Structure formats: C-alpha cells, structure tokens
Amino acid sequence: MRRRTLREGQGERMATKLKSVDVVTVGVGLTGTILAKELADAGLKVVGLERGGWRDTHPDFEMPYVHDELRYARRHELMQDLSRDTLTFRNAVGDTALPMRQMGSFLPGEGVGGAAVHWNGVTWRFLPWDFETRSRTLARYGAGQLSEDCTSQDWGVTYDNLEPHFDRFEHLYGICGKAGNLKGQIQPGGNPFEGPRAREYPNPPMKTSHVGAVYGKAAKELGYHPFPAPSANMTRPYTNPYGATLGACVYCGYCERFGCEMGAKASPQTTVLPVLMKNPNYELRTLARVIRVNLDSEKKRAVSVTYVDSRGREIEQPADLVLLTSYVFSNVRLMLLSGIGKPYDPVTNTGVVGRNYAYQTTGNVAAFFEDRIFNQFMGAGALSMMIDDLDGDNFDHSGLGFIGGGWVGAASSGARPIDFHPVPPGTPRWGGEWKKAVAKYYNRAFGITTHGACQSYRGNYLDLDPTYRDAYGLPLLRMTFDFRQNEYRMSDYITKKAAEIAKAAGASRVSVSPRTGKYSIVPYQSTHNTGGAAMGADPKTSAVNKYLQSWDVPNVFVIGASAFPQNGGYNPTGTVGALTFHALEAIKARYLKQPEPLA
Amino acid sequence: MSETKNRREFLKSAAALGAAIPASTLAAEPKAEHGAHKAPARAAAASRPYMFLSQAEVAFLDAAVSHLIPKDELGPGAKEAGVTYFIDQQLFGGYGTMAKKYTQGPWPEGTPQQGYQSPLTPSGVYRAGIRDTNAYCQKTYGKTFDALSRQQQEEVLKGLDGGKIELEQVRSPFFFNMLLNNTIEGFFADPVYGGNRDKAGWKLVGFPGVAAVYTPFIEKHNVPYRAQPVSIGDITGKIAQVDEHGHAIHVMLDDKTGA
Amino acid sequence: MATKLKSVDVVTIGVGLTGTILAQELASTGLKVVGIERGRWRDTDPDFAMPGVHDELKYVRHKELMQDLSKETITFRNNAAELALPMRQLGSFLPGEGVGGAAVHWGGLTWRFLPWDFETKTKTLERYGPKQVSEECTMQDWGVSYEELEPHFNRFEYLYGVSGKAGNLNGRIVPGGNPFEGARSQEYPNPPLKTTYASALFARAAQSMGYKPFPVPTSANSRAYRNEYGATIGACVYCGYCQFFACEMGAKASPQTTVLPALMKNPNYELRTLCNVVRINLDSEKKRAVSVTYVDSRGREFEQPAELILLTSYVLNNTRLMLLSGIGKPYDPTTGTGVVGRNYAYQTPSSVTLFFEDKNFNSFMGAGGLGLAIDEFNGDNFDHSGLGFIGGGFMQAGSNGARPIEFHPVPQGTPRWGSEFKKAVAKYYNRAFSITIQGACQSYRGNYLDLDPTYRDAYGLPLLRMTFDRRENETKMSEWLTNKAAEIAKAIGPSKMNVNPRRGKYTIVPYQSTHNTGGTVMGADPNSSVVNKYLQSWDVHNLFVIGAGNFPQNGGYNPTGTVGALTYQALEAIKTKYLKKPGALV
C-alpha cells in the first residue's frame with residue numbers, strides 16, 4: 001500500500017492507496033446493487049462503497065420492533081444521519097440558505113439499500129409524453145404554454161428505447177399489477193394511458209381495499225379509468241430472475257418508512273443482495289464515506305475515489321469505471337466537489353451540474369364519511385386505486401395555462417395514528433372537540449392524493465453552500481427551489497377534480513388542499529427529488545448523455561433520478577430502474593469493449 | 001383462496017426467509033457464509049423490549065458480560081443484573097449518539113493521549129465490534145460468539161482485550177474497553193437505567209445508593225454501616241421513606257450500626 | 001448583522017465564581033451590570049433536588065453539569081511536533097457550563113497558596129540557583145505578594161463559609177492547623193468537618209512520623225452559615241455525592257448558595273443565559289474595548305456596548321476570547337515572544353491506595369474536601385537541594401464518597417474483569433482508601449494555548465489548542481512525593497498497597513483535576529504577562545481578566561481559594577482606583 005501525503009502544514013494527513021479495481025459504485029442502493037450484480041457477473045472486480053451500515057431483513061426488520069411508528073416514521077431511524085451531512089435550502093437566489101436540521105419534506109436513505117429499503121413500492125413507467133415533454137408541448141400547444149424561465153426539456157431517449165429496460169426492472173422487482181396496454185392493445189382493468197408494454201406484469205395486482213373500491217366506483221361513474229397502482233409489495237411469493245425469493249405481503253400497514261419483516265417489499269435486500277453477496281467478484285465496504293472522485297491532470301478521466309472509513313482513515317480506491325449511485329443529492333454534490341462537469345450558474349444560465357432540479361407537486365383531498373368503516377390500519381405501501389386521466393398530456397391543456405398533471409389516487413397504506421388522524425375542516429387543532437373528531441373519523445376518512453408533476457426552471461438548482469459544512473469539513477449541497485405558477489395552476493386543477501370524485505363517492509365532508517404558497521422544507525411531501533445531473537442529447541443543457549455517462553469524464557456514470565430533466569406525475573423509481581438497465585446495456589455491450597464516449 | 005392454499009403460501013414465504021443471506025461486510029476479508037439463517041426465534045428471555053440491539057447482539061453481549069462480571073457465590077453477575085439491557089438503553093439514547101460530544105471531522109488516529117477519535121459513535125462501535133467479532137469466531141471456530149464454549153469465549157475476550165485479535169471496522173481494544181466500561185456502569189449505576197437489577201451491584205459491595213444523612217455515623221470509626229440500598233426509583237415510587245430533604249431513611253440490615 | 005443594544009457600565013463574560021462576586025459588588029455601587037452566560041440557569045431548587053441528583057451515571061459518567069462539547073471543545077497535543085486533535089469527550093478536566101460554572105460541581109477544597117508560591121522564581125534562584133530548574137522552565141513571580149492578598153483571601157473565605165482550622169494567626173503558629181500556611185488575620189468562619197476513619201488513621205501515622213496533620217479547608221460548610229450577602233449556606237450531611245454533583249442541601253458553597261440570592265434581587269443586575277460571547281470588540285486603535293458580541297438562544301447576534309468588560313469565563317475560554325478578539329500579542333513558542341496563551345500549566349496528582357483485611361471505612365460516606373492533610377512536602381517547605389526538582393504538594397487522606405462505578409479499588413495485579421476481579425471489588429470496596437497528593441506543575445516554553453488551524457466550534461470559530469506535557473521536574477517531584485506518602489501508608493499497616501506516582505506522557509483521557517492554569521498570566525512585566533497585578537489587561541485598559549488563567553504556574557494546592565483572593569484584589573482596584581480614574585493602573 002503506497003502512502004501519499006495529501007496536505008501540507010501543521011500535521012499531514014495521508015490517504016492509503018489501495019490496489020485498483022475495475023468498478024466502484026459510490027452508494028449501495030437500488031441502482032448500485034443492480035449495476036454491481038451485473039458487472040460482477042460479467043467478470044469484473046466491483047467494489048461497493050456505502051456511507052451507512054449493513055442492514056437486512058434479519059435481524060434489522062424483525063417483529064415486533066420494526067412496527068414502531070415513533071422510531072421509524074417520526075425519528076427516521078432508517079434514514080440519513082443529518083448530524084454528519086445535510087443540505088441547505090432557500091426558495092430563491094437572494095435568500096440565505098440555511099441547513100435542513102431535521103427531516104421533513106423528503107427522506108433520503110442511508111445504509112445498504114438506501115431509500116429503497118423504506119420506500120412504499122409504487123412503481124411506474126413514465127409516459128411516452130414525459131420523455132419528450134418540450135417537443136410535444138411545443139407541437140401541441142405552442143411556445144406560449146411554457147413560461148419563459150421553464151427549462152423542461154426532452155430526455156434524449158424515448159419510451160420505446162426504454163421499454164425493454166422497464167420490463168427487466170419490473171421483473172427483477174416482481175412488480176404486481178395489471179397491464180393496460182399490451183403491445184398496443186388496451187387491456188381492461190389496467191392503465192389505458194400507459195405506454196405499450198411487451199408483456200404482463202410478473203405478479204397479479206394487489207387486493208382492493210374498501211377505500212379503493214369506494215374511490216374506484218366514484219371515479220368510474222365520473223368517466224375516469226381506475227386501476228390498481230403497480231406495486232413492489234408482493235402479492236404472492238416470488239423468485240426473480242436473479243434467484244432471490246420475496247415473501248408475500250400481509251397488508252400489515254407498516255410499509256413506507258419501515259423495513260419489511262416479510263421480505264415482501266422489493267428492495268436491494270430482497271431482490272439482489274442475496275445473490276450479489278455470494279459473488280466473489282464483489283466486495284462491499286460499509287461505513288465508508290466517499291468524499292471525492294479524483295481526476296487525472298486533464299480532468300478527463302476519473303482515476304480513483306477517496307473515502308473515509310469507520311476508523312477515520314482516508315483511503316484512495318483506484319478504479320477504471322466509477323458509477324455514482326448515491327441518490328440525487330450526493331451524486332450532484334460529488335460532481336461539484338470533484339470538478340466533474342461545469343457547475344450551473346443561474347445568473348448567466350451557463351453550466352450544467354446542478355441545473356434542472358425539480359420535485360413533486362402534491363395536493364390532497366380528505367374525504368370524511370359518516371356511514372363507512374375503512375379499517376385504515378390495514379394496507380400496503382403501494383396499495384392504491386389510481387386514475388391516470390389527469391396525468392401528463394392525457395387531457396387537453398388548451399387554455400388552462402399549465403402543462404403536466406399527475407396520478408390521482410386513494411391509498412390504503414396503513415394509518416398509524418401519530419401521523420394519521422384526519423379531522424374535518426374547521427375542527428380545532430386540540431382540545432375536547434378535536435379528540436372527539438379524531439376518534440370518530442380515524443376509521444371513516446381517506447385521502448386522495450394528486451401527485452402532480454414539476455417542471456424545471458432557471459432559478460431552481462443545486463450548488464455548494466458558501467457557509468455550512470458537513471462533519472468532514474466539506475461544503476454542504478445548497479438547494480434553491482420553489483414552485484411556479486405552472487405548478488400551482490396544475491395542482492389547483494387536478495385537486496379540484498379529485499374533490500369531485502370524493503363528493504361523488506358520498507363523502508359527508510371534504511377538505512380540499514391543492515399545493516399553494518412557497519415551497520417549505522418542513523412538512524413531508526415526497527422523496528421525489530429529481531435533476532441536477534440531467535440527461536440529454538445536448539451537452540450544453542445536460543450533464544450526462546442518454547446512457548448517463550458524463551459528457552466530461554467518460555469513465556464516470558451518474559445514475560439515479562438526478563438524470564431526470566424535469567419530473568413527471570409519477571413516482572420515479574420505475575423509471576430510475578429502466579435508466580439503470582439502459583445504461584447497463586450500453587456499458588456491457590459497448591463501453592467495456594471500447595471505453596470511450598458513447599454518445 | 002382456500003385455507004390450505006393460504007397456509008401453503010404463507011409457509012412458502014416463511015421458508016423464503018430462511019434462505020441464506022451472507023452477512024459479511026468486512027473489507028479485504030473473504031466473505032464468510034453464515035449458513036442457514038433461521039427465522040427469528042421467539043425472544044424467550046427478554047421480558048423488556050430491546051430498542052437498539054438485535055436478538056443476535058443481545059446473545060453476544062449476554063455471553064460477553066457474563067465473563068466480565070460473572071455470577072458466583074457472591075451473587076449475580078453482569079448478565080443477571082441486566083447489563084445487556086442497560087447497554088441497549090444507553091446506545092439508544094444520547095450516549096449512543098454522542099449527543100453532547102464533539103463529532104466533527106477529520107479523524108486522524110491520534111495518540112493514545114488524545115483519547116476518543118473514532119468517527120463512529122458508541123452505537124456504531126458496538127454494531128461494528130459485535131459483527132466483526134462474530135465474523136472472527138465464525139472463521140476460527142465455525143460458530144458465533146454466543147455459541148462457543150465458555151473456554152472459547154474467554155479466549156476471545158482476552159484476545160480482544162489485548163488487541164491480539166484484530167478487527168477491521170473498529171480497533172479491538174477500543175471496542176473491548178468501551179464494553180468493559182459500560183459493563184461496570186451497568187452493574188453499578190442506579191437501577192433506573194435498566195441495569196443493576198435488584199441492586200445486585202450495590203449489594204455486592206455494600207453501597208447504600210442515593211444516600212442518607214450520615215452526620216451521626218461518620219465518626220463511628222470501624223463500625224460497618226449496613227443498610228438496605230435505596231435507589232432513585234424507590235424514592236419516586238414511594239417505596240422508601242425520606243426525610244424533609246429527600247434523603248433516604250435507611251432500613252438497616254443489622255443492628256450493629258447503632259443510631 | 002448584530003443588533004446593537006444600549007450601553008451598560010459593566011459586562012461580565014461568564015457567570016461563575018468570579019463573575020458573580022464582581023457583579024454583586026459593582027452592581028451594589030450603582031453600576032449597571034450585565035452578566036452573559038453561555039449555559040442555562042440552574043439552582044438548588046429544583047435542579048439539584050433529591051433523589052435525581054444522586055445519580056452517579058448521570059453526573060459523573062455523563063457529566064450532566066459540565067460543558068457540552070458538541071458546541072465547543074479544545075484540541076490537544078503533547079508537543080508542537082504532533083497534530084492536535086479534538087477532545088471529543090470530557091476526561092482529564094471538567095469545565096463547567098451554566099450559571100455558577102464549575103463552582104457548582106467542584107470538590108470544595110479552598111486553600112491559600114503559600115507565600116513562596118507568589119515568588120517562586122525569586123525564592124528558587126535565591127535558595128538553589130538557576131540549575132535547580134530546566135532551561136525551558138518559564139516560572140516567574142506573580143507581581144503580587146501573599147501579604148497583599150491576605151485580606152482578600154480572608155474576605156473570600158468568609159463569603160464561602162470555609163470550614164477549617166487556622167494554623168498561623170497573625171504570625172502565631174496554632175496547633176491543629178497548617179503550620180506552613182501564610183499568616184492569616186482571622187480564624188476560619190466555620191469549624192472543620194468531622195474526621196473519618198481513614199483520615200484518623202492517616203493523621204495518626206503522620207503524627208508518629210513527626211508531621212503535623214490538619215483538616216483540609218473546604219467550602220462544604222460544617223454548619224448552617226450566613227455570609228455577608230445574607231445568603232445562608234446549609235450544613236453538610238456527608239452524603240458522599242459532592243465533587244461532580246451539585247448539593248441538594250445547599251451546603252456546598254457556590255455562586256448559587258453564596259451570591260446569587262442577593263445578586264438576582266439587585267435591580268442594577270441583568271442576567272442573560274444561553275448567550276455565547278463570540279468576540280470582544282475593540283476601537284480602531286485597539287486600546288479600548290467597546291462592546292461584546294454574543295449569539296443568543298434564538299441564534300440572533302447582539303452587540304452589547306459597555307464601559308468596563310470583565311473576562312470571567314474560565315481559564316480556557318478567557319484565553320480563547322482574547323485570541324479571537326485580537327487582544328494582546330499571541331504567544332509564539334518558537335520565538336518565545338508574545339504573551340496570550342503563554343505559561344499554561346496543570347496539576348500533577350498522584351496517590352497511594354491502601355488495602356485492609358480487617359477494617360471498614362464506610363467509604364460511601366464523605367464530603368468534598370473531607371480529610372486530614374499534611375503540608376510538609378508542599379512548595380519550598382522542605383529542602384530541595386540535590387533532588388532535581390522544585391515544588392511539591394499537600395497530601396491528604398479522607399473521603400469524598402465512594403460511588404461504585406468510579407470507585408472500586410483492587411490491589412495491583414488483580415485482573416481487570418472476571419471472577420477474581422469481582423471478588424476483589426466486593427472485598428475491598430469498604431476496606432480501602434487512598435492518600436492523594438496534589439503536586440504542583442511549573443510552566444515551560446513548550447506548554448501553551450493557541451488557536452487550532454483545523455477544527456472549529458458550532459459557531460464556526462477556531463477551537464482553542466492546548467499543547468502540554470509534564471517535564472522531568474514534575475515526574476521527579478511526583479515520584480519523590482509519592483514515596484513519602486508510601487512511607488506514611490506503610491506506617492498505617494495495610495495488607496496491600498498500590499503506589500501510583502504520576503508518570504509518562506500527559507493524557508487527556510483519565511480524570512486528573514480541573515486545575516488548568518495560565519494563558520493570561522499576571523505579572524509586573526508586560527513582556528511576560530498579559531495582565532498586571534490588578535488583573536487589568538496591559539493592552540486594553542478597560543478589560544480585566546480574572547481566573548486561574550492569571551497563575552504564572554500552578555502550586556501544590558487546588559486553585560479556587562487563590563482565584564477568590566485575586567477576584568477581590570481586582571475588585572478593590574476597580575472600586576477604589578479604576579472607577580474614579582479609568583486608565584492604566586500600573
């Protein structure tokens with residue numbers, strides 16, 4: 001092991017340099033495990049570096065401890081340790097960004113498996129329209145439909161390009177659902193708006209809860225097309241193409257934010273790791289925090305990554321191929337800290353790294369009933385009745401003053417009482433009346449979520465904070481973000497539609513809450529952060545090409561929702577999975593044979 | 001679906017959980033297979049829920065602390081006194097997360113004189129130390145620590161104590177000293193923390209607990225003062241009598257002390 | 001942007017032992033005084049109430065009353081060739097935090113330094129010549145004599161209700177007291193504490209060898225006592241939960257029990273807690289302090305202008321604030337120039353532990369400072385010719401209480417765990433006691449405080465860096481003193497004995513004492529001191545710096561009594577000289 005001095009002056013710190021390997025994945029979550037498995041199978045020596053610890057169904061997600069709402073849903077045990085690293089946030093350039101000191105709006109993961117351990121499992125394929133948002137909008141509505149500062153763009157890849165990769169990911173994660181469009185043929189019971197798929201889902205859809213039935217019936221009566229959400233909570237025991245076996249979901253109602261005691265939620269632990277950990281070509285290093293990707297002197301090639309291990313030692317791991325698979329924030333931050341690609345400057349509108357950060361525009365309708373019992377505490381993370389009529393460009397936006405939309409669905413994901421105790425509008429926030437309302441409606445109410453898209457804008461971006469640092473002394477990532485008029489109008493429109501469905505279902509009281517006001521980092525909304533390392537056909541407006549390969553440093557690939565140029569009206573995971581397999585195919589079929597820019 | 005089919009499905013999925021899941025995460029170590037991982041056994045012994053430690057970690061610590069302060073003719077040892085539970089509660093709280101300590105990096109190793117420099121908090125140290133030690137035991141004896149013979153366990157502890165057994169994610173003397181330290185704490189601290197069950201530690205040495213007014217006794221030289229120990233919980237639970245300042249009024253164990 | 005407040009007459013940075021006395025006295029003369037404390041309010045009722053306060057884990061192991069290092073700590077190294085690393089958890093010393101500071105959790109021992117201590121350099125050169133100390137040693141005289149400080153010692157002892165027996169009353173040696181002490185004008189305000197069995201055995205043996213034992217003077221009050229501010233201090237009940245704890249009886253003298261009841265009623269005084277001072281602001285010529293900047297509990301920055309600023313925030317923080325504020329020339333050990341941070345010193349404690357088969361000590365009974373001591377081996381009380389060191393320390397045996405997490409002595413050679421360990425612990429818990437020695441510590445060129453180049457506090461400011469190790473003088477002294485104590489121990493007749501002189505490199509890990517000294521030393525010469533004999537900054541005349549940071553080196557006693565005397569020394573100068581004519585007093 002060669003020792004190399006890193007710093008001069010009072011006391012030197014030395015990084016130990018290890019023997020080179022073929023591939024390093026920075027982060028061992030959804031994308032990192034799939035890539036590692038496939039490349040290790042191809043005979044490459046792969047090292048996975050994970051800042052958090054090892055965790056697995058046994059012993060970490062055991063009953064009864066795992067069904068602890070305070071610990072997992074409120075104290076965020078499975079999520080990022082913000083005392084080590086967080087981000088700073090402001091709504092707009094000109095504000096002072098301040099640290100996000102506790103979890104709120106979104107819940108990044110930490111530890112082996114990442115956020116795919118605690119996710120809910122809703123698994124979509126973005127619409128064909130999503131991948132060509134700009135060109136199709138211009139074609140159908142003209143330039144006036146987009147605001148001047150909107151930077152939404154085409155992805156550089158089409159739905160059809162990705163179809164086989166969606167398929168592969170869905171079969172790996174055992175997605176449970178009903179196809180709505182098989183090779184162009186619309187199928188009853190599925191999503192009629194989806195892009196055409198080559199074959200049925202690997203598993204049948206989830207059961208329908210009372211909430212789902214009530215909502216679905218009302219939606220149908222209003223002319224919508226309800227269908228069960230495609231779910232990564234297994235409806236039956238399933239062995240995937242890697243040979244990993246998942247258990248069957250028992251609708252326990254402790255899904256999102258929790259680990260699954262049944263091994264029934266698809267995650268790296270249940271789908272990939274059992275096989276990956278047996279592969280002699282793979283080495284997992286936990287409690288290893290990557291602080292930098294090191295480039296050669298011309299800054300065109302990554303030579304190694306530097307990480308701090310559990311004993312505080314700085315270690316340099318050389319590698320031929322570096323895969324950044326550490327979630328949106330860390331992916332972008334590492335590019336900025338390492339000098340990969342030109343950082344985005346919103347003022348001059350130049351640069352690409354950090355550009356096109358977007359989120360999700362969620363709204364809500366609460367429906368209260370006098371005469372029904374919903375057994376809300378039963379459920380699964382992705383147990384939801386959906387309609388897609390109000391998503392993407394599935395409806396005519398002429399004259400509405402916005403683009404995009406989202407799914408509108410009623411979920412039965414469990415109703416743990418610290419977080420779920422809905423009361424009708426006008427109920428006091430505490431006291432005797434509040435207590436009575438909580439008791440009455442706990443089992444007599446459900447929510448309809450409007451899961452609106454979010455376009456990208458010049459003023460929404462990620463960069464490095466000038467003041468605040470992490471525990472390692474490195475600048476925190478800074479998020480500058482707010483919704484725009486497009487998002488408010490869209491949310492208002494689809495949320496009002498959702499309210500109509502609630503009324504049609506016979507709700508005695510309805511509270512309608514579209515997304516309004518400045519974006520706040522405080523209340524939970526969703527962990528659907530996107531962008532910052534956008535993919536595209538043009539290096540002037542994207543950080544990576546269609547294979548997620550860095551335009552500037554061709555042996556670095558940046559994989560995750562960081563690649564989305566803007567966010568659609570769906571949960572991102574299915575599309576992240578497809579992009580992973582798409583990149584993988586290019587790496588295996590072309591890059592490994594001839595390491596060079598692929599586009 | 002029929003009852004039988006349901007049951008079959010359930011058993012199939014239960015069996016799926018029994019699939020071997022290798023657990024080795026040691027850097028630069030060949031992966032040691034754990035063998036068939038049984039479905040989680042009922043926690044027969046634990047009457048109080050462990051908030052941080054897994055069942056396997058509880059088994060490890062119960063075994064380890066039973067050597068550090070063993071049960072003998074003098075009375076209960078650390079295991080009987082609930083030291084594992086004490087450690088669990090400590091790791092779950094501010095001690096485990098180093099709430100009031102300086103945690104900013106960087107973390108060069110430093111000299112022994114410079115003290116605690118690990119980037120791991122105590123909860124991380126235990127997790128890594130137990131995992132690495134079990135991996136060592138698997139490699140050396142083919143079993144986890146808790147399944148070894150008493151003699152083998154003693155050997156392992158001695159090896160950690162001296163640093164002869166090297167662990168990867170955390171230095172073995174660092175882990176061992178923390179464990180020994182917390183064992184002594186758990187054996188002697190007020191029972192409110194979950195250890196020192198039945199005041200076993202205090203009874204061993206003759207420590208009376210939260211204390212009484214000793215003004216009349218301190219000059220009774222060479223006269224052992226033997227009182228029933230009183231804990232914080234005894235006073236808040238109104239089991240023990242107190243004077244107007246809240247000091248315990250002791251019930252003496254013998255009458256040689258004199259009033 | 002800091003919000004600027006209306007000016008006041010006096011600001012004390014830190015509301016502990018020194019800050020409260022100064023505030024009370026100055027507020028009583030009609031001045032508007034603001035006390036700024038980084039920690040929170042705490043008081044006997046309700047914070048130190050039974051039974052919660054008698055919790056060894058919470059207070060001794062988890063350091064409940066002490067500094068929260070997650071906000072700010074120091075970095076440490078033994079010498080300048082090493083990389084200083086953060087003290088991530090408390091060990092060697094235990095700075096306080098919150099109203100009352102370390103004087104809430106202290107052990108209560110209240111000494112007067114010897115007349116010799118104040119003239120260490122002159123007297124050493126006179127008696128032994130320059131070769132008695134190493135070339136690196138930077139010991140010096142204090143610029144003030146014991147005699148000048150005597151009335152101030154007295155005042156402080158009467159404020160704190162110190163329990164003891166005078167040994168030298170106006171020049172007359174009084175049997176039963178310390179025959180080596182400087183002459184005092186009055187008896188102690190309270191009689192000594194009771195004698196434990198351990199103290200009695202020690203004293204008998206010491207006497208048989210010709211030494212003169214006397215009760216350790218302590219601020220654990222032996223009877224209910226009312227001081228000059230009308231505060232009533234309770235009577236100690238020997239509960240054995242003293243040092244590291246706060247006293248539920250109000251029997252340990254502290255700011256809470258001696259000064260705050262009056263001070264908090266004073267309309268001229270305002271206390272601001274949860275306010276962390278980050279800087280003292282100077283005028284453009286850097287000769288006058290104009291204000292202090294602090295961050296409050298809501299994260300807001302305030303600027304508090306004041307006419308007179310008193311730095312009373314403990315040794316370490318006093319030095320750090322001067323460095324952060326650019327007051328005085330920072331010490332540079334390579335050139336030997338500069339003064340702020342210079343002459344940092346500590347204590348050299350050691351012990352002899354005695355084990356018995358047939359005696360019972362009821363070790364769990366005790367009080368802070370409960371013990372009998374001898375002073376034959378302190379200061380220059382014995383002839384050091386040919387010994388190769390200067391200084392010494394008092395030695396004593398007694399009982400501070402014996403809480404079992406920390407106190408479970410076993411004879412040397414006992415395994416650290418296992419069956420034999422458990423048996424030994426059970427056997428000797430009540431059958432052992434220690435003779436402890438409080439050795440002095442000289443100052444050296446290479447021991448100093450400055451600002452760390454790498455690590456920062458929660459406010460983004462550099463941490464204080466401590467570079468310190470003991471030298472041959474301290475090691476030799478400790479060896480010699482500990483052997484003397486071992487002789488006394490032998491005379492007591494234990495079955496076994498552990499002899500533990502202080503050896504090896506200084507380590508920040510095990511608790512030793514919270515007797516950090518130096519960094520802002522007092523003296524007659526501005527080239528080798530930061531403040532003059534009135535503790536006024538040589539550079540900024542409206543700044544006074546008070547605490548054990550003023551000690552040019554540390555003697556063989558706990559420092560608090562002398563800190564109290566220095567406080568009144570500064571106070572007198574401020575009241576009778578400075579306020580009448582603000583400016584350099586020397």
Side-chain angles (χ1 to χ4, degrees), chain B residues 67-70 72 74 77 94-95 98-104 106 108 110-117 157 161 180 183-185 188-190 192-193 201-202 204-215 217-219 221-225 230-232 234-236 242 245-248, chain C residues 49-52 54-57 61-63 68-70 72-73 76-78 82-83 85-89 91 194-197 200 235-241 248-249 359-360 362 364-365 402-405 408 416-419 421-423 425-426 429-430 454-456 505-509:
Chain B
H67 287 268
L68 299 183
I69 305 181
D72 60 12
L74 294 173
Y95 171 77
M98 283 182 78
K100 284 172 64 176
K101 296 174 185 167
Y102 188 84
T103 55
Q104 290 181 48
T111 64
Q113 287 72 28
Q114 288 169 314
Y116 196 119
Q117 292 303 330
L157 288 173
D161 186 2
L180 179 59
T183 299
I184 291 175
E185 286 177 350
F188 287 124
D190 190 289
V192 73
Y193 292 101
W202 288 353
L204 177 75
V205 296
F207 179 72
V210 296
V213 171
Y214 294 131
T215 316
F217 301 108
I218 194 160
E219 296 199 315
H221 293 169
N222 209 15
V223 176
Y225 179 92
V230 174
S231 68
I232 292 173
D234 289 339
I235 294 181
T236 56
V242 294
H245 298 287
H247 293 110
Chain C
M50 287 293 285
H54 282 190
D55 179 340
E56 186 186 8
L57 189 75
R61 279 299 168 96
H62 294 172
K63 318 267 193 295
D68 178 353
L69 299 186
S70 70
E72 180 196 315
T73 183
F76 163 74
R77 60 184 180 179
N78 280 131
E82 291 179 359
L83 180 65
L85 294 178
M87 181 177 76
R88 297 180 180 280
Q89 51 187 17
K194 295 177 186 291
T195 300
T196 64
Y197 188 28
C236 176
V237 296
Y238 305 88
C239 72
Y241 284 81
E248 72 277 9
M249 299 297 294
K359 296 188 192 305
N360 179 299
N362 290 333
F364 46 86
M365 300 184 189
R403 294 141 331 236
I405 298 176
H408 46 267
R416 293 195 310 135
W417 49 275
S419 260
F421 167 74
K422 184 185 177 188
K423 285 181 173 57
V425 163
Y429 171 77
N430 258 328
T454 305
Y455 295 93
R456 292 174 173 258
K505 280 174 166 261
Y506 168 65
T507 153
I508 212 135
V509 176

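Keep in mind the model is a prediction, meaning the values are calculated, not measured. Residue numbers start from 1 in every chain, and the chains themselves are labelled A, B, ... in the order their sequence lines are given, proteins ahead of strands.
Here the NE2 atom belonging to C:His62 is positioned 7.5 Å from the OH atom belonging to B:Tyr193, to the nearest 0.5 angstrom. To the nearest 0.5 angstrom, C:Leu69 atom CG is 9.0 Å from B:Met98 atom CE. The distance from atom OG1 of B:Thr111 to atom CD of C:Glu82, rounded to the nearest 0.5 Å, is 5.0 Å. Between atom CD of residue B:Gln117 and atom CD of residue C:Gln89 there is a gap of 9.5 Å, rounded to the nearest 0.5 Å.
Take C:His54 and apply the side-chain hydrogen bond (donor to acceptor under 3.5 Å, both in side chains) test, not counting sequence neighbours, and it matches C:Glu248. Partners of C:Lys359 under the salt bridge (charged side-chain N to carboxylate O under 4.0 Å, His left out) rule, at least two apart in sequence or in another chain, do not exist in this structure.
Ring pair B:Tyr102/C:Tyr455 is perpendicular by interplanar angle, where above 60° counts as perpendicular and below 30° as parallel.
Across all their heavy atoms, C:Pro404 and B:Val205 have their closest contact at CB-CG2, 4.4 Å. Of all heavy-atom pairs between C:Leu83 and B:Pro108, the closest is CD2-CG, 3.8 Å. The shortest non-hydrogen separation linking B:Ala211 to C:Tyr241 is CB-CE1, 3.9 Å. Taking every heavy atom of both residues into account, B:His221 and C:Thr195 meet most closely at NE2-O, 2.8 Å.
For chain C, the nearby parts of B:Ile232 are the backbone and the side chain; heavy atoms of each come within less than 4.5 Å. Contact annotation for C:Met365: both backbone and side-chain heavy atoms come within less than 4.5 Å of a heavy atom of chain B. Only the side chain of C:Phe421 comes within less than 4.5 Å of a heavy atom in chain B; its backbone stays farther off. Residue contact with chain B, scored on non-hydrogen atoms closer than 4.5 Å, involves the side chain of C:Asn78 exclusively. No part of C:Ala235 comes within reach of chain B, as not one of its non-hydrogen atoms sits under 4.5 angstrom from that chain. Contact annotation for C:Ala200: only side-chain heavy atoms (C-beta onward) come within less than 4.5 Å of a heavy atom of chain B. Contact of C:Lys423 with chain B is made through backbone and side chain together, with heavy-atom distances under 4.5 Å. Proximity to chain C (any heavy atom under 4.5 Å) is shown, for B:Tyr116, by both the backbone and the side chain.
Taking the ring centroids of C:Tyr238 and B:Phe217, they lie at or beyond the 6.0 Å cut-off.
With C:Asn362 contributing its side chain and B:Val223 its backbone, the two residues share a donor-acceptor pair below 3.5 Å. Under a 3.5 Å cut-off, the side chain of C:Arg77 and the backbone N or O of B:Gln114 do not form any donor-acceptor pair.
When the candidates B:Ile218, B:Val213, B:Thr236 are compared by the number of heavy-atom contacts under 4.5 Å with chain C, B:Ile218 comes out ahead. Interface summary for chain B: among C:Thr196, C:Val509, C:Leu85, the most heavy-atom pairs under 4.5 angstrom belong to C:Leu85. Counting heavy-atom pairs under 4.5 Å between each of C:Asn360, C:Ile508, C:Val425 and chain B puts C:Asn360 at the top. In terms of heavy-atom pairs under 4.5 angstrom with chain B, the leader among C:Lys63, C:Arg403, C:Arg416, C:Lys505 is C:Arg416. Annotation: maximal heavy-atom pairing with chain B below 4.5 Å, among C:Met249, C:His408, C:Glu56, occurs at C:Met249. Heavy-atom pairs under 4.5 Å with chain C were tallied for B:Asp234, B:Ile69, B:Asp72; the largest tally goes to B:Asp72.
Looking only at atom types and distance, the side chain of B:Tyr225 has no donor-acceptor partner in the side chain of C:Asn430 under 3.5 Å away.
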Self-check item: Steps toward side-chain contact (heavy atoms from CB on, under 4.5 Å) verdict (C:Met50, B:Val242)
Solution: CA-CA 10 Å; C:Met50 287 293 285; B:Val242 294; over 6 Å; no
Practice problem: Determine, stepwise, if the pair B:Asp161 / C:Trp417 fulfils side-chain contact (heavy atoms from CB on, under 4.5 Å). | Solution: CA-CA 10 Å; B:Asp161 186 2; C:Trp417 49 275; 3.1 Å; yes
Exercise. Could you walk me through whether B:Leu204 and C:Tyr429 pass side-chain contact (heavy atoms from CB on, under 4.5 Å), step by step?
Key: CA-CA 9 Å; B:Leu204 177 75; C:Tyr429 171 77; over 6 Å; no
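Residues C:Lys194 and B:Thr215 form a side-chain contact, since some pair of their non-hydrogen atoms from C-beta on lies under 4.5 Å apart.
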